[in-house]
Amino acid sequence: LGAAESRSAQFAKSFDAAKADELAKMFSTDAEFVDEEGNIYQGTAEIQALFTAFFEKFPGAKLTSQVDSIRPIGKSMMIEEGTRTITTADAATSATQRYLMVLAKDNADPKSDSWKISMVRE
């Protein structure tokens, strides 16, 4: 379960640094990201474009996460649930939402302990 926890910490670190490319690399090539309004982004290119546009609109935004649970599903999947808060650079505005994230073992290298984000739903 440590892999999922470290993935969440890396996600926040890359988000805070506004590195859309690093965030996109955390997702599997066929991943799905569903935002709080129900918009669906599929694949790493769309997910990277989503983060790039977000960072252009909200430069300096920061992310904090509270992981409530991480449950293994067999040996190759995990489900993480929690709460994320995004705060603008001036700290004047913040938004908090619940999220569910599905992590899958990276099949490209079955010997590694690498996990990719398969799905996020906010």
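One-based numbering along the sequence shown.
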Approximate separation, where rounding is to 0.5 Å, of [X] [atom1] and [Y] [atom2]:
X: Ile73; Y: Lys75; atom1: CD1; atom2: NZ; answer: 14.5 Å
X: Ser118; Y: Glu32; atom1: OG; atom2: CD; answer: 10.5 Å
X: Trp115; Y: Met77; atom1: CH2; atom2: CE; answer: 9.0 Å
X: Asn39; Y: Glu46; atom1: CG; atom2: CD; answer: 11.0 Å
X: Glu80; Y: Ser8; atom1: CD; atom2: OG; answer: 4.5 Å
X: Ser65; Y: Met101; atom1: OG; atom2: CE; answer: 7.5 Å

Task: Val120 vs Leu100, side-chain contact (heavy atoms from CB on, under 4.5 Å): CA-CA, chis, key distance, verdict - done: CA-CA 6 Å; Val120 172; Leu100 180 133; over 6 Å; no
Open item on the list: Can a side-chain donor-acceptor contact be found between Ser94 and Thr87 if the only test is distance below 3.5 angstrom?
Closed with: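 Side chains of Thr87 and Ser94: no pair found under 3.5 Å.
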Open item on the list: Is it true that Gln48 and Thr52 share a donor-acceptor pair across their side chains at a distance under 3.5 Å?
Closed with: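 No, Gln48 and Thr52 have no side-chain donor paired with an acceptor closer than 3.5 Å.
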Open item on the list: I want to check a possible cation-pi pair here: Arg84 against Phe15, using under 6.0 Å from ring centre and within 45° of the ring axis as the test.
Closed with: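 Not satisfied by the 6.0 Å and 45° rule.
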Task: For the student: nearest non-hydrogen atoms of Lys116 and Lys25, plus distance - done: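 Shortest heavy-atom separation between Lys116 and Lys25 comes out as NZ-O, 2.7 Å.
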Heavy-atom check, side chain of [X] versus side chain of [Y], under 4.5 Å:
X: Lys62; Y: Ile86; value: no
X: Val34; Y: Tyr41; value: no
X: Met26; Y: Gln10; value: yes
X: Phe33; Y: Thr44; value: no
X: Thr83; Y: Asp68; value: yes
X: Ile79; Y: Ile70; value: no
X: Phe55; Y: Leu23; value: yes

- [ ] Return the orientation label for the Phe27 and Phe51 ring planes: parallel under 30°, perpendicular over 60°, tilted otherwise.
- [x]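 Because their plane-to-plane angle lies in the 30° to 60° range, the rings of Phe27 and Phe51 count as tilted.
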- [ ] Measure up the Phe58 and Phe54 rings against each other and bin them: parallel (under 30°), tilted (30 to 60°), perpendicular (over 60°).
- [x]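 The arrangement is tilted - the two ring planes meet at 30° to 60°.
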Open item on the list: Has Ser76 got a side-chain atom pairing as donor or acceptor with Lys105's backbone, closer than 3.5 angstrom?
Closed with: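 No.
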- [ ] Answer with yes or no whether the hydrophobic clustering places Leu50 together with Ile117; edges join I, L, V, M, F, W, Y residues whose side-chain heavy atoms lie under 4.5 Å apart.
- [x]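 Leu50 and Ile117: one cluster.
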Task: With Gln66 via side chain to side chain donor-acceptor pair (under 3.5 Å) - residues at least two apart - done: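 Once residues adjacent in sequence are excluded, Gln66 has no partner under the side chain to side chain donor-acceptor pair (under 3.5 Å) criterion.
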- [ ] Applying side-chain contact (heavy atoms from CB on, under 4.5 Å), name anything that partners Lys19, two or more places apart in sequence or on another chain.
- [x]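 Per chain and number, Lys19 pairs via side-chain contact (heavy atoms from CB on, under 4.5 Å) with Ala17, Asp21, Glu22.
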Task: Short N-O contact, Arg121 and Asp35, less than 4.0 angstrom - done: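 Here Arg121 does not pair with Asp35 in a salt bridge, since their nearest N and O are not under 4.0 Å apart.
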